[in-house]
Amino acid sequence: MLGLIEKLIREKLGDLDFQLLAGENRAHFSTNAAFVFGEQQKISPLEAAEELKSFLEAKSPQGFFSKIEIASPGFINFWLTPETIQAEFLKMVKAGESWGKAELKKTVVIDYSAPNIAKPMSVAHLRSTIIGQSLYNIFQFAGAKVIGDNHLGDWGKQFGILIAAYKEALPNKPEFEKPTIEDLMKLYVDYSARAKVDEILNEKAKAETVKLQQGDKENLKLWQKFYKLSLKEFEAVYKVLGVKFDYYLGESFYNPMLSDLVREATLKGVAKKSEGAVIIPLDKDDLPPYVVQKSDEAYLYSTTDLATLKYRIEKFKADLILYVVGNDQALHFNQLFAAGRKMGLVKNTGLVHVKFGLILSSDLKKLSTRAGRYISLLEVIDEAIKKAKKVVEAKQPDLVESEKEKIAKIVGLGALVYNDLSQNRMSDITFDWDRMLALEGNSAPYLQYTYARLRSILRKTPKSILPKKGFDPAALNKEADLALILKMAYFPEIIKSATMNYYPHYLANYLYELARLMNSFYEKEPVLKSEPVLREARLALVKKTAETLKIGLGLLGIKTIEKI
Ligand code: ARG
């Protein structure tokens, strides 16, 4: 249905970008196409809207639209006939689980999570992990070839600090031969605090970094030891969250390419010496120069990122690279993209810094600064599960323990992930356990609960009355039936706009609205108690809604359960 509208508008607009939106003022759908068309034709949006309207009326099949209206300053609003909507329902039921899938023929590299080895994985890395994985899923669903790359910070000066701290502590602590991740964190936190006020310690750490980068055997061995330990900790987080990467190409991977890269930039006349350092001037882009080599010859985060950019374009043939990294690195990415363009590395590749804000919360701050100052994200996750367990206990006291635990895990993790993805990633987000775990309101438990409720209706339906040979969509003619179908008809558009804006919250909020619509439908309209023809059709509606919720939540990285 939207496909047809889109196709007709395309006949007029060609390749120009326009959007079909959920309708305002109770229209079924709206479009901004007249603004785009008007600009191209050099006529006013209202005139353009008139022209598009007549065109659509002439070209659409009889009985497709029930009404087309123009709203100033040039929006076009559509209303569809019940027959059109019912036909659309049949189409989505036939499409089954591929409803909403598309064919985005693009290779998309997503850079997400990227914690720093030998440092604790922070809450910001958790956000990157959650947002990145959901974008991964959504892009894949939209038909893109997606490559997930965990660009670990595994080569920075934190290793110098850790190696120096470790060498200092080892003589008195033989048990550090086999350190735990907590040991390392303590060493790291303690030494870096002391090095801030003690220049000698600071110099020692720097010297260890240089030794490591020059290939010193002992330091390389320590590096490997710390790397493995940190990775194990990160992987535990990924496992509970269901996060996967195709590559782990951290900063160290690019180390052998850096000198060639700086030479290339210099030969191309893009980079030059300045006070002993090598910089890429970016005045034309109104940006400060990008430093790619320091005066002591050391390479930097900026150098590895430039090498990474080149690699992803050349080796992965990326059409689009998404960097899911906090707002605070906006300048770095502006410089990186400008430097990459200046070097001629970037031709048709889209480069996007998918920014996000902080997590604001008294709860979480308390949590992450507790006692030893180091708190693993696994503990935050455990806390979520523990709190969810209480919710499950209150709701389902009679379940067996193992069942309660299974549900608590899915609900707790869902709450954590959904809290992140349901808020606009650009702003700082709040973190409030009570709201996150509420069974009412815009929360994962509410969505999971709605899903379970629908599944229970289907479970309770006696086999004898389950639709045998399809159903008659014409039976779905009440306002509430049609509203639900329309909402689901919008699912493919939501996927599209989530990929166009890199906004998982579009999908999250859509699912919330769908769940609310379904719940109010169910309060007003009988399903199992309606007469047989309507009952069959409504069962199909319940089934499709449950399926859409499950698929949508799955794309966000949230599991569903049959019972809550
Ligand atoms: N390790 C970095 C940090 O924690 C994030 C890396 C993001 N990716 C990149 N290509 N720069 O700040």
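Keep in mind the model is a prediction, meaning the values are calculated, not measured. Ligands are counted one by one from 1 in listed order, and the atoms in each one are counted from 1 as well.
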Top protein contact for atom 12 (O) of ligand 1, by heavy-atom distance
Q329 NE2, 2.8 Å

Would you mind checking which non-hydrogen protein atom is closest to atom 1 (N) of ligand 1, with the distance to 0.1 Å?
N116 OD1, 2.7 Å

Measure the distance from atom 6 (C) of ligand 1 to every protein heavy atom, then report the residue, atom name and distance (to 0.1 Å) of the closest one.
Y301 OH, 3.3 Å

Structural part of L152 in contact with ligand 1, heavy atom criterion under 4.0 angstrom
neither

Examine ligand 1 and decide if any of its atoms is less than 4.0 Å from a heavy atom belonging to V325.
yes

Which of the ligand 1 atoms, numbered from 1, are nearer than 4.0 Å to a heavy atom of A114
1 (N), 2 (C), 4 (O), 5 (C), 6 (C), 7 (C)

Please list, chain by chain and in numerical order, all residues satisfying side-chain hydrogen bond (donor to acceptor under 3.5 Å, both in side chains) with H125, sequence neighbours excluded.
S122

Quick note on ligand 1: atoms under 4.0 Å from a heavy atom of Y323 include exactly 10 (N)

Numbering as shown, the atoms of ligand 1 that approach H125 to under 4.0 Å (heavy-atom distance)
3 (C), 4 (O)

Do K167 and E218 pass the salt bridge (Lys or Arg N to Asp or Glu O under 4.0 Å) test, and can you show the C-alpha distance, the side-chain angles, and the key distance before you say yes or no?
CA-CA 11 Å; K167 285 182 178 170; E218 191 191 359; 3.8 Å; yes

For D183, does its backbone N or O pair with a side-chain atom of Y188 as donor and acceptor, under 3.5 Å?
no

Does an N or O anywhere in D111 fall below 3.5 Å from an N or O of ligand 1?
yes

Could you go step by step and tell me if D154 and S252 meet the side-chain hydrogen bond (donor to acceptor under 3.5 Å, both in side chains) rule?
CA-CA 6 Å; D154 57 2; S252 66; 2.9 Å; yes

Which of L162, N116, L152, I117 passes side-chain contact (heavy atoms from CB on, under 4.5 Å) with S230? Answer is I117

With backbone taken as N, CA, C and O and side chain as the heavy atoms from C-beta onward, which portion of F333 lies under 4.0 Å from ligand 1: side chain, backbone, both, or neither?
side chain

Over 60° means perpendicular and under 30° means parallel, so classify the ring planes of F245 and Y248, tilted if in between.
perpendicular

Is it the case that ligand 1 has an N or O less than 3.5 angstrom from some N or O of D305?
yes

Would you list the pairs meeting ring-ring contact (aromatic ring centres under 6.0 Å, His included) in which at least one residue belongs to residues 284-306, sequence neighbours left out?
Y301-H332

Report yes if some heavy atom in the side chain of F234 is under 4.5 Å from a heavy atom in the side chain of K239; otherwise report no.
no

